[in-house]
Every structure is written in C-alpha cells, then in structure tokens.
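Keep in mind that this is a model prediction, so the values were computed, not measured.
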There are 2 protein chains.
Amino acid sequence: MKGKNKPTSVDIAHLAGVSQPTVSRALRNSPLVSLATRQRVQQIARDLNYKVDVNARNLRSQRTNTLALLLFEDSGEREAFINPFFLSMLGSITRASAQQGYDLLISFQQLSDDWNAEYEDANKADGIIFLGYGDYTSYIKRISKLDHEGAHFVTWGPVIEDQPGLFVGSDNELGGFLAADHLIRLEHTRIAFLGDESNDYPEFRDRYAGYCRAHAKHGLEVDPRLRVNAFFSEECGYRAAHTLITSGVEFSAIACASDLIAIGAIKALREHGLKVPRDKAIVGFDDIPTAEHLAPSLTTIQQDTFAAGQALVDSVIRSINGETGESKLLPTRLIIRDSSGAKISL
Amino acid sequence: MKGKNKPTSVDIAHLAGVSQPTVSRALRNSPLVSLATRQRVQQIARDLNYKVDVNARNLRSQRTNTLALLLFEDSGEREAFINPFFLSMLGSITRASAQQGYDLLISFQQLSDDWNAEYEDANKADGIIFLGYGDYTSYIKRISKLDHEGAHFVTWGPVIEDQPGLFVGSDNELGGFLAADHLIRLEHTRIAFLGDESNDYPEFRDRYAGYCRAHAKHGLEVDPRLRVNAFFSEECGYRAAHTLITSGVEFSAIACASDLIAIGAIKALREHGLKVPRDKAIVGFDDIPTAEHLAPSLTTIQQDTFAAGQALVDSVIRSINGETGESKLLPTRLIIRDSSGAKISL
DNA sequence: TTGTAAGCGTTATCAG
DNA sequence: CTGATAACGCTTACAA
C-alpha cells in the first residue's frame, strides 16, 4: 500500500557513479563540485523525485531549520476560540518565517502546561516564539530558566529593561495615551477604562499608564472608580460595562483595553438604551478585522501585526545565529472611526 | 554561549547502570522493563531534563508524529491577509491535532508553487492536510499524483465521488439551497447570486447548484443574468454588486458565495443609497466572526469549522495508520440575523 | 574536485 | 526482562 521506495542519496550516488557525499554536496549546490557532476546529480535527483530526509539531516547537523510558535492562553477560553488579534499575528509570523526559509511548528498551550515543553530540548525547533497574554509573574520565571539554559527564543509582550530574553511588543503605553488623549480632545473628562486591574498583565497595565499620562497632560484627575476589571473576551467587556453602568459612577466615554472588550461593552450599552457614540464614546485596542465593520465602526489603537511578525521571526533567527538580538518596541497608532464620535463632533 | 550539554540516552544508561536500549524502552513505558528499572531510569531522565531527540527517533522509526497543514491561496491575495474562514479552520485543526498528539507544521503556499512541496517526501510529516480554495482542474492533477505515490493526505473541499484521495468538506449545495430557500420564503423572486462563474471552483459551483434547486422547488425560473462573477474578497464583492446594480437587472435580494463578498456587496449597496435589508436582502456564506457584528448583522450559512478540523485530522491520521478512510460531508446551517430582513417581515 | 570514514541519538532485531 | 549490535540517511573532517 505504501508503495513508496523513497530514494536515498546512496541510490543517486550509484546511478551517477560518484560517492555519496558528492551527491550531498551537489544537491546543496556546493561550488566544490564540478558543474558537470552537479548537474548530472541534480538531474537524477529530480527524475527520482528525491528529497533529502530532514530527520537525517537534522540529526547530523544538529539544526532543524524550524521555528516553534507557542500560543498560550491563560484563562479557560472557550475551546477552539482564538483571540482574533493572535490569529492575525499567527498569519504574519507564518509568512515571515516562510520568507526566511524556516518551517513553522505551531502549538497551543495552556499557561499551566509545561511550557517550553520540549521544542528546543527535543531538537524539534531551533528557536521558539512565545505568543499570548499571560500572567507576567508566572511566565517570567519560566523565561528566566529558558534563558539560563541558553535557549533561543523571543516573547511577544512587554518590552521592559533588564528582563531575561528577547522581547518584541507594541508600545502599549503610547496606545493607551493616544486613546485617552483622543477622547479628552473630544472634550470628554470622565473616561472609563475597561481592562485588567491586577497589574499582572503588563500590556494592560501599560495601556492604563498611558491613559493616566494623557489625563495628566491635560490636567485631569484620574478617578480610580472609572477603572473596571475586564479581561480579554467580549463576555468580560460586556460584564464590565454592565457593572460600570449600574455603579452610578458618571462617565461619558470608555477606553477599552481590547477590541473584544469594546464589542462586549457596546452590547451592554445598547441593552441599557445608550447609543454609541451619541451617549457614550468608545475606543478599542488592537484593530482586529471586525473593528472596521462594527456598528458603529470602532475607533481603536492599531497594533502593527505585520511588522510584529517580521520582528519576532528576525529576532529568533538572529538569536539562533548567535547574533546579539535586541528587544524591539513597535509603535501603535490611533485609527479614528465612528465609535468615538470624532467625525461627528469635528 | 550555548551552554547546553544535552544529555543523551547513553548518559542515562551509564547513570542507571543499564544498557542504552533499556533506557529507551523504559522511557516509552514499555512493560518489558521491570518496574524498578523503569522508575529509576525515568527519575534520572527527569533530573537531567532529558528529552528524546526527535530527529534521531524519527530517522530510526521513519515516523514523525507530525502533520503538515498546507494553506494555499490561488489569487494574489493581499500579503499577510488570510481569509478569516481559513483562520478559523486553522485554529480548529491546530487544536484537533494537538489533541491527537501530533505536532503541526504549517505552511502557506501559492497554488502555483510546487505544492506537496516536500513535506511527506522529506519525512517532515506523516501526513498532509490541504486547505484552500483552488482551481479544481489544477489541483486534481497534483492530487492524483500524490495519491499514486501513496502519500497520506486529506483535502478540504468538494466531496465528489470517484476522485482520488480523501476529502472533507461542507455541504455547499445544501448551504446554497438554504440561503436561496430562505430568501424565497421571504417572498423574494429576483435573487442575485454573487460568486465565481467559471465552475472551476466546486465549492462555489455547488452553492450555485443549491441556489438553483431552491428556485426549482418553488417553481421559480433562474435568471442567468442574476449570476455575477465574484471571487473571495470583499473587493470582489464590492465590484460585483456595483456591476449588478448598474446593469439595470432587477433584483430584490442577494445570495453571496462568501461573507467577504457580502461585506463588499453591502458596502456597494450603501454607496448607491440602498439600505439592507429594507431595499435589498442579503445572505452570506461561512459565518466568519465578523458576520454577527456587521451592521446589519449578517444572515449567513454556517460552516462548522470545529467539526471540520476534527474530521480533517482524524482522516489523515487514519490514513497514516493504514485504515481506509472515507470522505466526509459536513452539514451546513442557516443562521438568521438581520440582513435578510427575516426578523422584520415575520 | 572527489572519496573515505566516522558519527549524529535513537529504535529494531535478535539472542540470551 | 535485558543486552549487544546494527541500522536509519545524512553531513563533517580529513585525506587523496
């Protein structure tokens, strides 16, 4: 049934009347092999549909030409649901690694799992890209360990000085600033912030920090009662907005720590008879594909997933090659649409 | 710098005072090894953080425990843009393969590329999952070849009798039927169809066939002028709708061959001052995440990506294990939202 | 420019 | 239940 007698380099060596290493060299286009033999060997290889056995190659060379992408999610997200922002990242990482000639092995992990799992230890991959939102205190430990072991990896997340390993991340502080600054310029002074309150998630913490800086810049006080706990999901955003509305705390706008939260918040507002942006202005964060199609279309902070994918892949590869990598902070930008009421009031 | 002296099974053998194959057996929990040695060996392995080198293992066993996912796109899609429907598929395939204990190697290909590339030939993977929309006539040839070579693969796409290889796909004909039937029940008699006209894309052809069947069932003629060429993207849908509107052909509803097409069509209608669903009713296809958030929310045909991912993974794995697999047709269902005007007119 | 020899770290096969 | 021995198919050194 299997029918396939895969040809080996030895077979080709026989047919071409050369030694087996010569075949190997010829196929790698080594200039050490004469043009004549090189072409002869390559022709035969093509005829037989010969493909180098990567396992043998990897075993011998101790290199896999493969990157592993570990996507971890902290909370018990609904099965088979992936945050659309990470899906975009996944797409751009896939393209970037293909472009660099690396295969990509992908894996979903629970943060609770034994993480680095075995990708580099088992020689499945030469390097690892970590992607996800996670509790910082929990993953910083694992990362330190990996770093000590000399693993090659890069993490998507907060870019902080003096932390082990390489990081690539968006400028969340800037994003938070831009969002709040935008709303303040639209004359909002009571702006709620829907995001994680624990400070364990540096992305969210930084977005809030930017929010605070915008307030400071405009001489506004930050009212802690306007910060409402919400995690990633639409569901969380919905509940948070509901809590906010029923709390009686006065507000005229909401800066959301993610687009999913914003979607949930809009839903909650609508159920309370509040119109966006007429009654409450909304700004999201991420710029997921859905954002532009929402009603009203969502003003949000865009993260450049394309650049992010490239930067992540470049970083790991540099690390693999022993070059000293550097962490990289990517700019975020404000995308003005309808939900913030900017177009109406301008 | 690399600092890592990865332990091998030989090291463990020394420490445990047993032969190296015994170590190997113990680690695989073989009952052939006495409980005592098994535990001793496993303890040492844990202490040293030993991980089996997969390249050595794969080379020797000629099995990789890895699946390859080839996502191909036919047209010159915008870089880094992936059809959201395939992104969902990708998510569910990733989960399903993890669940079955397989690693997943993913790769984007242009249909023009040398496809099967080398995944199975190079022993990178034990089996392949093909995902994408593609010109049937073009890929059927490649698939036949793979089939002859005894490769283990499954294709997402049209489930047709007597074609080589294994297929898993949605019941597109049913979906097309449900969409048109729904509109006809809402008293539409002039329903445009926006999708590929060439018949080279069986998914689209089947959706149109279902559309025709619904017309026949209700005793309606199908007007070929109502079939307008559109491919996958929002852009295509936009242009197609524009063409339709300016053509002067009368219509009161549109069945779109994908949600992206529907999004583009809605945009075009709006620009012509036509309201959905008041002036024109719309039904999409796929049920991408954005569909429910559109304004108006999109009535569409849902494909069960969760079941699809599982079925695909199950199929390849069965094929790998030499079991005779069977193609699988997954049901599609109508999701009624606002764009078809159902809720209003009922 | 080519060939020879060795070895990458496992698992398979046999014999004990 | 355990051990010796031989592969798996390639790349690297080194020799010619």
- Task: Name the orientation class of the two ring planes belonging to A/F85 and A/W156 (parallel below 30°, tilted from 30 to 60°, perpendicular beyond 60°).
- Result: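 It falls in the tilted class, 30° to 60°.
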- Heavy-atom closest contact (B/K6 atom, A/N123 atom, distance): NZ-OD1, 3.1 Å
- Task: Write down the atom of B/T305, the atom of B/S88, and the distance for their closest heavy-atom approach.
- Result: CG2-CB, 3.9 Å
- Rounded to whole angstrom units, what separation is found between the CG atom of B/L35 and the P atom of D/dC1? 10 Å
- Interatomic distance, A/N123 CG vs C/dG9 P [rounded to whole Å]: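 So the two atoms are 8 Å apart, to the nearest Å.
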Side chain of [X]: nearest nucleotide among [options]?
{"X": "A/S34", "options": "C/dT2, C/dG3, C/dG9", "result": "C/dT2"}
{"X": "A/T8", "options": "D/dG3, D/dT2, D/dG9", "result": "D/dG9"}
{"X": "A/P21", "options": "C/dT4, C/dG3, D/dG9", "result": "C/dT4"}
{"X": "B/R28", "options": "D/dT2, C/dG9, C/dA12", "result": "C/dA12"}
{"X": "A/L59", "options": "C/dT4, C/dT10, D/dG9", "result": "D/dG9"}

- Note on the structure: Note: for B/S61 and B/R38 on DNA chain D, the residue whose nearest nucleotide lies more 5' is B/R38
Tell me whether the side-chain N/O atoms of [X] come closer than 4.0 Å to OP1 or OP2 in [N].
{"X": "A/T22", "N": "C/dG3", "answer": "yes"}
{"X": "A/S9", "N": "D/dG9", "answer": "no"}
{"X": "B/T37", "N": "D/dT2", "answer": "yes"}

- Query: Would you say the side chain of B/R60 and the base of C/dA12 hold a donor-acceptor pair, judged only by whether the two atoms sit under 3.5 Å apart?
  - Reply: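 No such pair is found, so the answer is no.
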- Query: More than 12 foreign heavy atoms under 6.0 Å from CD of A/Q100: is that the case here?
  - Reply: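 Yes - once you tally the heavy atoms of other residues, nucleotides and ligands closer than 6.0 Å, there are more than 12.
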- Looking just at side-chain N and O atoms, do B/R40 and B/Q43 make a donor-acceptor pair shorter than 3.5 Å?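 Not at all, the side chains of B/R40 and B/Q43 share no donor-acceptor pair under 3.5 Å.
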- Nearest nucleotide by nearest heavy atom, which residue falls closer to the 5' end of DNA chain C, A/V33 or A/Q20?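 Going by which nucleotide is closer to the 5' end, it is A/V33.
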- Message: For a quick check of understanding: with a heavy-atom distance under 4.0 Å over all strands, which category does B/R25 fall into, base, sugar-phosphate or nothing?
- Response: base
